[in-house]
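Notes for the one structure printed next.
The chain is numbered in sequence order, starting from 1.
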Amino acid sequence: MNRKIILILSFLASIYSCDDAGEEKAIETVLEQVERGAVLRTLGFNNGEFEVGNPESLFSINIEEQDIQNGGVFERVDVFVSFIDNTVEGNDISTTPILVESIEPSAFVTGENGLPVGALEYSFQELLDATGLTISQTNCTDQFRLDLTLHLIDGLSFNLSNSAGTIVNTTGFFKSPFSYLINIVEPISNDAYIGTYLYTSIEDGFFGPTYGEEGLVDISVGHSNNVRVFEIQFQTSSGIIPVEVEFSIVCDIAVVTRYQKTLLGCTMDRSDRVLIGPDSPPGIANSNDDTVFELHYLEGFEGFNAFCDIENFPAKIRLSKQ
């Protein structure tokens, strides 16, 4: 057996635990090692996509600010937006990041955890105006990207570029990526891409099949109309460990959500795991036929590799409706 596979199987069998308690405690380590560290935890999505041609479509999420003084050193959140042109035809009209707004602590309220809680809400039209585009210039599969920088009163700042995978992963406790992609989609019916599917590894990752050779999963509707989620159950010596996978059906492609955690890792830190994100081109899909589709993704996405010797390593699975 390949030494890489032996290594990862050893970790899976002996140390990995999937409850969020370990990840929740990760903030204690972060705040101890970085005296005034902070995160922006995603509490939930109200809607995470724009409908093609509908300027009133709304992106809306709730976030929670966490710092060493429970919000006491929170100065502001800067929100930047950029447009990503994924349309093959015509000129590339992608834009560089531009500051949309700076959100002060006064815009937050005290949540049930005693921490500042606020909302990020932007309409399709607002982000068009911010990037200087018109709705006629956008198409299904194009995207907007929001990048957040959290500033503290002592001058420290935190964003995607200086945060660890234990913080930014979108399927763990914190869900604090400091960055959100908004897909422009053609809405699909709520009964499409749901039900029982057989997944099969068609291109193995660095350690072998990311989620095993094959298995059955139940796909359900996620936080937004075109978002779908499923769990893969892993049997280990510590018990059954579920791993969540999220993707979006965007016209003729299936786009994997960025910064999702796996069970892969190369250290004794149970909270630090290899993250995945979308490959380019994304997986094949058909908004009018949900019988078979593919997810194409990258292990160690953008360098979030949990100290494994991988970065943006491609892998693929195929899902077939049963």
Look at the side chain of [X] and the backbone N and O of [Y], then say whether any donor-acceptor pair between them is shorter than 3.5 Å.
| X | Y | answer |
| --- | --- | --- |
| Ser176 | Leu40 | yes |
| Asp279 | Pro282 | no |
| Thr149 | Asn159 | no |
| Thr262 | Leu264 | yes |
| Gln260 | Glu246 | yes |

**Prompt:** How close do Phe293 and Ala254 get, heavy atom to heavy atom, and via which atoms?
**Reply:**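 Of all heavy-atom pairs spanning Phe293 and Ala254, the closest is CD1-CB, 4.2 Å.
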**Prompt:** So which heavy atom on Asn162 is nearest to which on Ser157, and how close?
**Reply:**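 So the minimum-distance heavy-atom pair works out to ND2-O, 3.0 Å.
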**Prompt:** Would you call the rings of Phe206 and Phe313 parallel, tilted or perpendicular, where under 30° means parallel and over 60° means perpendicular?
**Reply:**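 Taking Phe313 first and then Phe206, their aromatic rings stand perpendicular (interplane angle over 60°).
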**Message:** Please report whether the ring centroid of Phe83 lies less than 6.0 Å from that of Phe144.
**Reply:**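 Ring-ring flag for Phe144/Phe83: true, centres closer than 6.0 Å.
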**Aromatic ring proximity Tyr199/Phe230, centre distance under 6.0 Å** =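 No, they do not, as the ring centres are separated by 6.0 Å or more.
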Side-chain contact test, heavy atoms from C-beta onward, threshold under 4.5 Å: evaluate it for [X] versus [Y] and give yes or no.
| X | Y | answer |
| --- | --- | --- |
| Phe304 | Val168 | yes |
| Phe108 | Leu115 | no |
| Tyr193 | Ile188 | yes |
| Val245 | Arg228 | no |

**Message:** Counting only heavy atoms from other residues, nucleotides and ligands, does the tally under 6.0 Å from CG of Asp309 exceed 12?
**Reply:**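 For Asp309, atom CG is not crowded (no more than 12 foreign heavy atoms under 6.0 Å).
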**Asked** Counting heavy atoms not belonging to Asn91, are there more than 12 under 6.0 Å from its CG?
**Response**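 At most 12 heavy atoms, drawn from other residues, nucleotides or ligands, come within 6.0 Å of this atom.
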**Request:** With side-chain hydrogen bond (donor to acceptor under 3.5 Å, both in side chains) as the test, would you mind laying out the steps for Asp85 and Ser94 before giving the verdict?
**Result:** CA-CA 5 Å; Asp85 184 357; Ser94 299; 5.3 Å; no
**Distance (rounded to the nearest 0.5 Å) between Tyr259 OH and Ser179 OG** =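 Nearest 0.5 Å value for the OH-OG distance: 5.0 Å.
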**Request:** May I have the step-by-step check of side-chain hydrogen bond (donor to acceptor under 3.5 Å, both in side chains) for Gln233 and Gln235, ending in yes or no?
**Result:** CA-CA 7 Å; Gln233 305 288 327; Gln235 180 66 56; over 6 Å; no
**Prompt:** Can Arg318 and Glu294 be counted as an ion pair, charged N to O under 4.0 angstrom?
**Reply:**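 Between Glu294 and Arg318 there is a salt bridge, with a charged N closer than 4.0 Å to a carboxylate O.
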**Request:** Mind running side chain to side chain contact (heavy atoms under 4.5 Å, CB included) on Leu120 and Ile103 for me, showing each step along the way?
**Result:** CA-CA 9 Å; Leu120 287 180; Ile103 306 174; 3.5 Å; yes
